[in-house]
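Here the structure is laid out as structure tokens; the discussion comes afterwards.
Within every chain, numbering begins at 1; the chains are lettered A, B, ... in the order of the sequence lines, protein sequences first and strands thereafter.
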There are 2 protein chains.
Amino acid sequence: MSPRTQQQLDKIRKERKQAIMDTALETFAEHGYESTSISMIARKTDISKGLMYNYFEGKEDLLTSIMTEGIEEMFSMADPNRDGVLTKEEFEYLIDGMFELMRVKSNFYKLYFSLMMQPSVSKLFMAKMNQVIEPFLKLFVDYYTKKGAKNPMVEAVLVGALFDGIGFNYVFNPDVYPLDEVIKLVKERFV
Amino acid sequence: MSPRTQQQLDKIRKERKQAIMDTALETFAEHGYESTSISMIARKTDISKGLMYNYFEGKEDLLTSIMTEGIEEMFSMADPNRDGVLTKEEFEYLIDGMFELMRVKSNFYKLYFSLMMQPSVSKLFMAKMNQVIEPFLKLFVDYYTKKGAKNPMVEAVLVGALFDGIGFNYVFNPDVYPLDEVIKLVKERFV
DNA sequence: TACTTTTGACCGACCGTTCAGTCATAAATA
DNA sequence: TATTTATGACTGAACGGTCGGTCAAAAGTA
């Protein structure tokens with residue numbers, strides 16, 4: 001119908017949408033999903049409350065969009081999709097990438113951790129998250145199998161727990177947490 | 001003098017209060033603090049909404065009471081207050097106690113983890129929690145110092161993260177998580 | 001003009017909280 | 001024993017406020 005400006009419109013819409021998602025992620029991470037109101041996000045984004053509903057179907061849709069984007073970004077940035085086996089160096093590289101992601105996208109991780117705590121909400125993302133985690137776990141299992149571990153699966157699960165724990169501690173105390181030294185120790189112990 | 005004996009009154013109050021706290025902990029753990037309404041707790045406890053305010057000053061006081069009780073229980077059950085040094089056996093015993101506590105008081109841990117995620121709420125318990133955690137951390141540091149570790153502090157921090165991570169994973173997936181095997185591996189690796 | 005974006009007043013539902021009043025109980029009285 | 005009385009656990013309607021969400025109309029753009 002409109003001859004040409006569709007591209008411009010799309011661009012504006014895309015940017016606005018991203019702006020809303022950015023402030024929403026920030027606010028969700030700081031106050032938690034439930035405690036954050038639509039009005040609060042609208043105010044911070046300098047738009048009206050009503051406009052929120054032009055871009056998202058509702059609060060839950062907004063959350064889902066944010067999480068989906070974050071998960072996909074996580075997947076693409078740390079895609080372990082090589083030949084399927086992990087060398088020593090690749091494992092170390094993977095660890096670095098993982099924690100670098102936590103450093104850069106700490107708000108996403110905050111939100112992720114807090115959502116996982118609420119079974120009623122988490123079901124929505126559990127499946128999607130597992131799709132991301134599973135290939136990593138598989139890689140780890142293969143790695144420890146090749147390394148001759150007694151119980152590679154448990155070894156992999158332990159490493160997973162370690163990542164969660166470190167991330168959990170770092171993300172909520174980034175200023176005082178000795179992340180670099182911890183990472184170094186993880187490599188010494190588990191690679 | 002009085003229509004009811006003081007003992008009777010005390011007993012009634014104590015039991016009711018505990019009943020409220022029990023259902024509240026359960027509900028907070030399941031739905032999260034913010035998403036749980038006073039009405040919901042009252043309904044589950046089979047009392048009126050108003051009575052809640054006879055026993056607690058408000059929602060936050062209810063939460064604080066639950067957390068305080070849990071933290072104290074945690075402290076008393078896993079009190080590391082021996083001679084200040086940890087032998088190999090004592091360390092293993094401590095680990096067992098820690099995860100046994102997670103098994104038994106999983107709802108408390110769920111709530112604890114979820115509260116730590118919301119800075120606005122967590123400030124209240126951070127201080128108290130640190131009082132519990134600090135002596136453990138100190139014990140660990142001493143242990144690894146005696147063991148001749150290069151950087152005992154980081155070693156202790158890593159163990160702390162590991163406990164958090166395992167707890168986090170177990171508490172939200174108790175049915176499938178291979179806790180026993182993981183504990184065994186933790187002992188092999190870190191004791 | 002024809003179309004989309006944007007606004008903010010508005011809605012019903014539910015929130016945490018309050019409070020005037022009810023009611024079961026057991027001590028005191030007769 | 002029968003009746004009165006004092007007590008505080010307990011109720012539920014109501015309050016001010018905020019929530020997520022709606023919508024008619026204004027503003028902006030071609």
Whole-Å distance between [N] [atom2] and [X] [atom1]?
{"X": "A/I12", "N": "D/dT29", "atom1": "CD1", "atom2": "C1'", "answer": "10 Å"}
{"X": "B/K11", "N": "D/dG8", "atom1": "NZ", "atom2": "P", "answer": "19 Å"}
{"X": "A/R16", "N": "C/dT4", "atom1": "CZ", "atom2": "P", "answer": "17 Å"}
{"X": "B/N54", "N": "C/dA20", "atom1": "CG", "atom2": "C1'", "answer": "14 Å"}
{"X": "A/H31", "N": "D/dC19", "atom1": "NE2", "atom2": "C1'", "answer": "16 Å"}
{"X": "B/I41", "N": "C/dC15", "atom1": "CD1", "atom2": "P", "answer": "11 Å"}
{"X": "B/I47", "N": "D/dG8", "atom1": "CD1", "atom2": "C1'", "answer": "15 Å"}
{"X": "B/D46", "N": "D/dT11", "atom1": "CG", "atom2": "P", "answer": "9 Å"}

(request) Kindly say if A/R13 contacts the phosphate of C/dT4, meaning a side-chain N or O under 4.0 Å from OP1 or OP2. (result)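 No, A/R13 has no side-chain N/O under 4.0 Å of OP1/OP2 on C/dT4.
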ask   = Listed by chain and number, what are the ring pair (Phe, Tyr, Trp, His ring centres under 6.0 Å) partners of A/Y112, not counting sequence neighbours?
value =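 Once residues adjacent in sequence are excluded, A/Y112 has no partner under the ring pair (Phe, Tyr, Trp, His ring centres under 6.0 Å) criterion.
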### Results of ring pair (Phe, Tyr, Trp, His ring centres under 6.0 Å) for B/Y170 - residues two or more places apart only
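Once residues adjacent in sequence are excluded, B/Y170 has no partner under the ring pair (Phe, Tyr, Trp, His ring centres under 6.0 Å) criterion.
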Just jot down the side chain to side chain donor-acceptor pair (under 3.5 Å) partners of B/R13, sequence neighbours excluded, or say none.
->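 In terms of side chain to side chain donor-acceptor pair (under 3.5 Å), with neighbours along the sequence ignored, B/R13 is linked to B/N54.
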What donor-acceptor contacts under 3.5 angstrom involve side-chain atoms of residues 182-191 of chain A, with partners at least two apart or in another chain?
| from | atom 1 | to | atom 2 | distance (Å) |
| --- | --- | --- | --- | --- |
| A/K187 | NZ | A/D96 | OD1 | 2.9 |
| A/K187 | NZ | A/D96 | OD2 | 3.1 |
| A/R189 | NH1 | B/E155 | OE2 | 2.8 |
| A/R189 | NH2 | B/E155 | OE2 | 2.3 |

Checklist line | From CD (A/E92) to CG (A/L94), nearest 0.5 Å | finding: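 Interatomic distance, A/E92 CD to A/L94 CG, rounded to 0.5 Å: 11.0 Å.
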Notebook entry, point to check: Which comes earlier along DNA chain D counting from the 5' end, the contact point of A/M40 or that of B/Y55, where each point is its nearest nucleotide?
Noted result: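 Looking at DNA chain D, the more 5' nearest nucleotide goes with B/Y55.
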Subject >> Qualifying salt bridge (charged side-chain N to carboxylate O under 4.0 Å, His left out) pairs, either residue in residues 51-68 of chain A, two or more places apart >> reply: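 Residue pairs with at least one partner in residues 51-68 of chain A: there are none.
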Can you check nucleotides 16-19 of chain C for protein contacts, nitrogen or oxygen pairs under 3.5 Å, and list what you find?
| from | atom 1 | to | atom 2 | distance (Å) |
| --- | --- | --- | --- | --- |
| C/dG16 | OP1 | B/T36 | O | 3.3 |
| C/dG16 | OP1 | B/K59 | NZ | 3.0 |
| C/dG16 | OP2 | B/I38 | N | 2.9 |
| C/dG16 | N7 | B/K49 | NZ | 3.4 |
| C/dT17 | OP2 | B/Y53 | OH | 2.7 |
| C/dT17 | OP2 | B/K59 | N | 2.8 |
| C/dT17 | O5' | B/Y53 | OH | 3.3 |
| C/dT17 | O4 | B/K49 | NZ | 3.1 |

